[in-house]
There are 2 protein chains.
Amino acid sequence: MLTERQLLILQVIIDDFIRSAQPVGSRALAKKRGINFSPATIRNEMADLEEHGLIEKTHTSSGRVPSEKGYRFYVDHLLSPEKIEQHELNMINELFEESIVELEQVVQNSAKVLSELTEYTAIVLGPTVEDNRLSKFQIIPINDESAVAIIVTNTGHIEHKLFTLPKSIHPSEVEKTVNILNERLRGVPLSELHSKLMGEIILLFKEHVNNYESFFQSLASVLNISSNDKLYYGGKINILKQPEFQDVEKIKDVMKLMEEENNFYHLLRKTPIGIHVKIGTENKVPEMEDLSLISATYNIGEEQVGKIAILGPKRMNYSKAISVLNLLSKNLTFTLSNLYD
Amino acid sequence: MLTERQLLILQVIIDDFIRSAQPVGSRALAKKRGINFSPATIRNEMADLEEHGLIEKTHTSSGRVPSEKGYRFYVDHLLSPEKIEQHELNMINELFEESIVELEQVVQNSAKVLSELTEYTAIVLGPTVEDNRLSKFQIIPINDESAVAIIVTNTGHIEHKLFTLPKSIHPSEVEKTVNILNERLRGVPLSELHSKLMGEIILLFKEHVNNYESFFQSLASVLNISSNDKLYYGGKINILKQPEFQDVEKIKDVMKLMEEENNFYHLLRKTPIGIHVKIGTENKVPEMEDLSLISATYNIGEEQVGKIAILGPKRMNYSKAISVLNLLSKNLTFTLSNLYD
DNA sequence: TTTAGCACTCATTAATCAGGAGTGCTAACA
DNA sequence: TGTTAGCACTCCTGATTAATGAGTGCTAAA
């Protein structure tokens, strides 16, 4: 379909545009090393590439700019992996060197490092708590009328919830309840706790716990875990450094996009396993037509727990971003698996 | 110092500028109702006001704009309280109508409402956990080597911390420890837990708990509560609606300011009790020379727990902002005091 | 097939100009 | 003596024009 020379020219155009953010003309291109033909020849090839819809002009007599289709082709076929510098490697390794206390902390720091390495905005979706399995449940009475429920999961995630504890419940009943729940619910994904409780466990309650009704109500609400996996940003304002965001309206759009957390939450949830690149309108979000989102997944053992992603202009350094994302997601998976699996 | 008429003119200039963001000229001023003298007269008075440093020209033949000193004078002497509309009252009341589960949630929602009511950016400093008093402490073993410590305070704040539990410790020892700590530390501010532990309580440990040393180490780190009171923003991008932020560099500055959470954290911590207005350079932060920050405190009972604030352009509607802030902080104090005190 | 040459297009920038809002000053007025 | 009308002057704003230059497509020659 495309000749070797056309591929070469396309690659150089996109590489150059990614670097300079300026439309690339035939003369400037001819001067690049590796290019041994005249501007006129290049103009002919460019016309062909434009017919294929891979590059565009911004006006009749301007240089060429990659089209969305061009970026897609570039990402799919022309990308050469970028070498990661030693000092960049160090930054990533430092993330995992300190003693790791909380999973969330590591994840949050990853976003920061990711944004610093790429100069784009990093978005990290924290562990999907719903898929975690219950490993320990406990109730701590605080005063006459309230208590805290503690839920510990297999990935070390801890959650606490305040609830009202009916006065009529005797401490021994509470203990019995805790025992029942631990016995029956260990290993159950948090998302299924509520239905399990309403199914088999309510029968046990009827049998063993006096005055169970209002108490059971409270428990039901406590075990109704809503998906509250969090979204962390790193370098939110990095994106403003990009020359394409010198326009006030565009800045407002992208800031608004990030402000409303749901946007990226849903976008990232949908994302498949492994590295995934969505360019411009492929994101199906009007405000993202000038943005690309590259995402990767990280796991704990076999369980897929979260996503890390880079948000940049369509004209982003895909090669660099993918390399860094790939490395970091693998490191995250490795470290977290060792820790919690 | 200033005549009645000059005060009137100053007030009208500032009111008008706050509304329109345009320099106010003598002719436009003369047409306002309540003004019954000619443009020429107004020009004379304006010249006086300018000599006092209360208003400024943007260029030789422009209308007048309030100076920072002018705003200060306006806030101190000319402010008339703004009536709060019924639907605005409703928005505030709705905050407190739903059953309140977590203090943090209320506080966070306050930021949202505050930003919606004012169209500026709201900043809320959550409860200062350090000043809370311990009301309940508990330890829950998770597995052979780790446990969760639960700390509940008098304001209903719950905190959990993972720590390593030496295998050598027998469950009965843990129970004894929990009893000792609850007995000795109840009512102690979180910020003093650590020193109390290292002082009187270590002696009790030596006496009553076997193999206490490494266990005690863990406890010490658990009870070393760092001040992690959080900063919440509402309507971060509201500030971009203001006509003074149509300049890309300014937008970057203010976004960066908000991105680095420490900035406002420290600024708000310093703020005195009650309503407080800092205009432009009074904030002592170079990037805030075009911004004003109005803050208020909210309490639980007698204890001052947090701050709510509004960040807007220097040309903000002080009257409205102060009224809303005043009302909301009082409501917060009232509701939280009833709940937790 | 490649390339030199040329006419043409269009964005960008600087320069010029007209219109208008606003000021300060002076002199007349109540 | 305080107030106001009149006027010359300043400076911002927006529109228009012109020059420059980067780049293209096409044609014809190598």
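In what follows, every chain begins at residue 1, and chains take the letters A, B, ... in the order their sequences are listed.
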Phosphate contact (dT23(C) OP1 or OP2) by Ser26(B) side-chain N/O below 4.0 Å: yes
Below the 4.0 Å mark, does dG24(C) have OP1 or OP2 next to a side-chain nitrogen or oxygen of Lys57(B)? yes
Listed in order of residue number, which residues of residues 3-16 of chain A have a non-hydrogen atom at under 4.0 Å from DNA chain D? none
Which word best sums up how the rings of Phe17(A) and Tyr71(A) line up, parallel for under 30°, tilted for 30 to 60°, or perpendicular for over 60°? tilted
Taking atom CG of Asn90(B) and atom CD of Glu85(B), what is their separation to the nearest 0.5 Å? 11.0 Å
Gln22(A) CD - dT12(C) P separation (whole Å): 10 Å
Ile42(A) CD1 to dA4(C) P, straight-line distance once rounded to whole Å: 12 Å
Output yes when a side-chain donor or acceptor of Gln11(A) lies under 3.5 Å from a complementary backbone atom of Leu78(A), and no otherwise. yes
To the nearest Å, give me how far apart NE2 (His59(A)) and P (dG21(D)) are. 16 Å
May I ask you to evaluate whether Ser61(B) reaches the phosphate of dA21(C), defined as a side-chain N or O under 4.0 Å from OP1 or OP2? no
To the nearest Å, how far apart are Glu56(A) CD and dG23(D) P? 18 Å
Atom CD1 of Ile55(A) to atom C1' of dT24(D): distance rounded to whole Å? 12 Å
With respect to the phosphate group of dC10(C), does any side-chain polar atom (N or O) of Ser62(A) fall under 4.0 Å of OP1 or OP2? no
Given that Thr60(A) and Arg43(B) both sit by DNA chain D, which one's nearest nucleotide is further toward the 5' end? Arg43(B)
With respect to the phosphate group of dG24(C), does any side-chain polar atom (N or O) of Arg64(B) fall under 4.0 Å of OP1 or OP2? yes
Could one point to a donor on the side chain of Arg27(A) or the base of dG23(D) with an acceptor on the other under 3.5 Å away? no
Run Asn326(B) and Ser323(B) through side-chain contact (heavy atoms from CB on, under 4.5 Å) and show every step you take. CA-CA 5 Å; Asn326(B) 193 29; Ser323(B) 298; 5.8 Å; no
Please walk me through it: do Glu45(B) and Ile42(B) pass side-chain contact (heavy atoms from CB on, under 4.5 Å)? CA-CA 5 Å; Glu45(B) 301 287 34; Ile42(B) 293 172; 5.7 Å; no
Nearest whole Å is fine: how far is dT3(D) C1' from Asn44(B) CG? 8 Å
The side chain of Met46(A) is closest to which nucleotide in this list: dT3(C), dT24(D), dG24(C)? dT24(D)
Leu29(A) has an atom CG; how far is it from atom C1' of dG23(D), in whole Å? 12 Å
Separation of dG24(C) P from Leu49(B) CG (nearest whole Å): 12 Å
Leu7(A) side, atom CG; His77(A) side, atom NE2 - distance, nearest 0.5 Å: 9.5 Å
On the 0 to 90° scale, with breaks at 30° and 60°, tag the Phe264(A)-Tyr233(A) ring pair as parallel, tilted or perpendicular. perpendicular
